[in-house]
Amino acid sequence: MPELPEVETIARQVRARLVGRTIAAVRLHWPGIAARPKGAALARSLVGAAITSVWRRGKFFVIDLTRSGEPAGHLVGHLRMSGRLYIEPSSAHPGPHTRATLALDDGSSLRFVDPRKFGRLWWVADVEEVLGSLGPEPLGSAFTRPWLAAGLRARRRSLKPLLLDQTFVAGLGNIYTDEALHAAGLHPLRSSDSLDPAAAGRLHRAIRRVLQAAIRREGSSFDTFYRTPEGRPGGYQERFLVYGRTGKPCRGCGTAITRLVVAQRGTHICPRCQPRPRGR
DNA sequence: AGCTACTCCTGGTAGC
DNA sequence: TGCTACCAGGAGTAGC
C-alpha cells in the first residue's frame with residue numbers, strides 16, 4: 001500500500017514526464033474515482049490546463065495547474081490501498097483496472113490504475129481543501145524531536161493508532177509504523193503520554209530513518225500491487241525488521257516476530273525488543 | 001477524548 | 001480441479 005516513501009518515489013518519477021505538458025483529454029474509466037467535483041465535472045476542470053509542478057504531501061500527490069499562465073487549481077490524488085500511477089503512450093490499451101487517464105499533448109498518457117477502487121482524485125482551487133487537516137511532514141522541518149515529545153504527551157492514545165492518524169503526522173501507514181516502532185523499541189499499545197524524552201527521541205529518529213531509507217530504495221513492494229511508475233518494484237521490503245515477518249527471528253535478538261491486531265490492523269512486533277506495557 | 005465496529009473494494013489464497 | 005470463504009487495509013463515519 002503506498003505510504004510516504006512510495007508516493008514520494010512516484011511523484012519524483014512522474015514529475016519529469018508531466019511538468020510542461022498540457023492535459024489534452026481526460027477519461028474517467030470508473031467515475032467513482034472523482035471525489036470532488038464528481039464525475040465529468042472533474043474531467044472538465046482539467047482539460048486544457050498546463051502542468052507546472054508535481055509534489056507530495058503525506059500520502060497525497062499534487063499536480064499544480066495553470067491556464068494561460070494563471071493559476072488553474074490543483075489535481076490532488078490519493079492511491080489508498082492499491083493505486084498506481086504510470087505513463088505510457090496514449091495508443092496503448094489501458095489495462096483492466098485503469099480508473100482514469102489523462103492524455104497529454106505529447107502523445108503520452110498518465111494512467112491511474114487501482115484494482116480495489118479506493119483511490120480518489122480531487123480538483124480544488126486551494127490544496128488546503130484536501131490537505132488542510134494533515135499533520136506535519138515527518139521529514140520536514142516542523143517535525144522536530146521536541147514537537148513530537150510534546151505531541152505524544154498531549155495525547156493519551158496508543159502509539160500505533162496515533163502514528164497512523166494523518167492529522168497527527170502525515171504519511172505513515174501500517175508498514176512504516178510497525179517498522180519505526182520496532183526500530184525505537186516501543187510496543188504499539190504503549191500509551192503516547194508514557195514516553196520519556198529519550199523514548200520520544202528514539203521514536204523521532206526511527207521514523208525519519210525508516211522513511212529516508214525506504215525512499216532511497218524506492219519504497220516497498222511487499223504486496224503484488226506496488227511498482228514505481230518506471231515499472232520497478234521497490235527494494236525496502238528486503239529490509240523489513242518486523243512487517244510480514246511473523247514467526248521469523250528478530251534481526252536484533254532472534255526472538256520470533258509475533259502478530260497482533262491493533263486498531264483493526266495487522267501489527268508485527270518483536271515481543272522481546274518491544275515489551276508490552278504493563279496493565280492493559 | 002479515544003476506542004471499536006463498520007464501510008468501501010477485489011485479487012489472492014487457504015481450506016475443503 | 002474448482003469452489004467458497006475469508007483476508008488485506010487507508011480513511012471516513014457512527015456509536016459508545
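None of the values given here were measured: they were computed from a predicted structure. By convention in this document, chain letters (A, B, ...) are assigned in the order of the sequence lines, proteins followed by strands, and residues within each chain are numbered from 1.
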Tell me which of R120(A) and V262(A) sits closer to the 5' end of DNA chain B, going by the nucleotide each one is nearest to.
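First, find each residue's nearest nucleotide; the 5'-ward one identifies V262(A).
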Could you state the [atom1]-[atom2] distance from [X] to [N], rounded to the nearest angstrom?
{"X": "D165(A)", "N": "dG10(C)", "atom1": "CG", "atom2": "C1'", "answer": "12 Å"}
{"X": "R116(A)", "N": "dG9(C)", "atom1": "CZ", "atom2": "C1'", "answer": "7 Å"}
{"X": "I33(A)", "N": "dC8(B)", "atom1": "CD1", "atom2": "C1'", "answer": "14 Å"}
{"X": "M81(A)", "N": "dG10(C)", "atom1": "CE", "atom2": "P", "answer": "5 Å"}
{"X": "K117(A)", "N": "dT7(B)", "atom1": "NZ", "atom2": "P", "answer": "18 Å"}
{"X": "L189(A)", "N": "dG2(B)", "atom1": "CG", "atom2": "P", "answer": "15 Å"}
{"X": "F168(A)", "N": "dA1(B)", "atom1": "CZ", "atom2": "C1'", "answer": "15 Å"}
{"X": "L79(A)", "N": "dC8(B)", "atom1": "CG", "atom2": "P", "answer": "22 Å"}

Quick one: is [X] getting a side-chain N or O under 4.0 Å of the [N] phosphate, OP1 or OP2?
{"X": "Y176(A)", "N": "dG10(C)", "result": "no"}
{"X": "H97(A)", "N": "dG11(B)", "result": "yes"}
{"X": "Q264(A)", "N": "dG9(C)", "result": "no"}
{"X": "K59(A)", "N": "dG10(C)", "result": "no"}
{"X": "S158(A)", "N": "dC3(B)", "result": "yes"}
{"X": "R157(A)", "N": "dC3(B)", "result": "yes"}

Cationic N near anionic O, under 4.0 Å, R17(A) to D106(A)
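The answer is no: the pair does not qualify as a salt bridge.
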Check this for me: does any side-chain nitrogen of one of R153(A) and D193(A) sit under 4.0 Å from a carboxylate oxygen of the other?
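Looking at R153(A) and D193(A), the cut-off is not met.
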According to a cutoff of under 5.5 Å between the ring centres and under 30° between the ring planes, does F118(A) stack with the base of dG9(C)?
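It does not: the ring fails the test against the base of dG9(C).
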Test N174(A) against every option in H268(A), K160(A), E179(A) by the side-chain hydrogen bond (donor to acceptor under 3.5 Å, both in side chains) rule and name the one that passes.
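Only match with N174(A) under side-chain hydrogen bond (donor to acceptor under 3.5 Å, both in side chains): K160(A).
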Verdict with reasoning, W30(A) to D114(A), per side-chain hydrogen bond (donor to acceptor under 3.5 Å, both in side chains):
CA-CA 10 Å; W30(A) 178 67; D114(A) 183 22; over 6 Å; no
What nucleic acid atoms does Q166(A) come within less than 4.0 Å of, heavy atoms only: base, sugar-phosphate, or nothing?
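It contacts sugar-phosphate atoms only.
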Parallel under 30°, tilted from 30 to 60°, perpendicular over 60°: which one fits the rings of Y236(A) and Y176(A)?
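Correct class here is tilted.
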Shortest side-chain distance from H78(A), nucleotide among dC9(B), dG10(C), dC3(B):
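Within the option list, the nearest is dG10(C).
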Quick check: on DNA chain C, is the nucleotide nearest R265(A) upstream (toward 5') of the one nearest R259(A), or the reverse? Name the residue that is more 5'.
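The residue whose closest nucleotide sits nearer the 5' end is R259(A).
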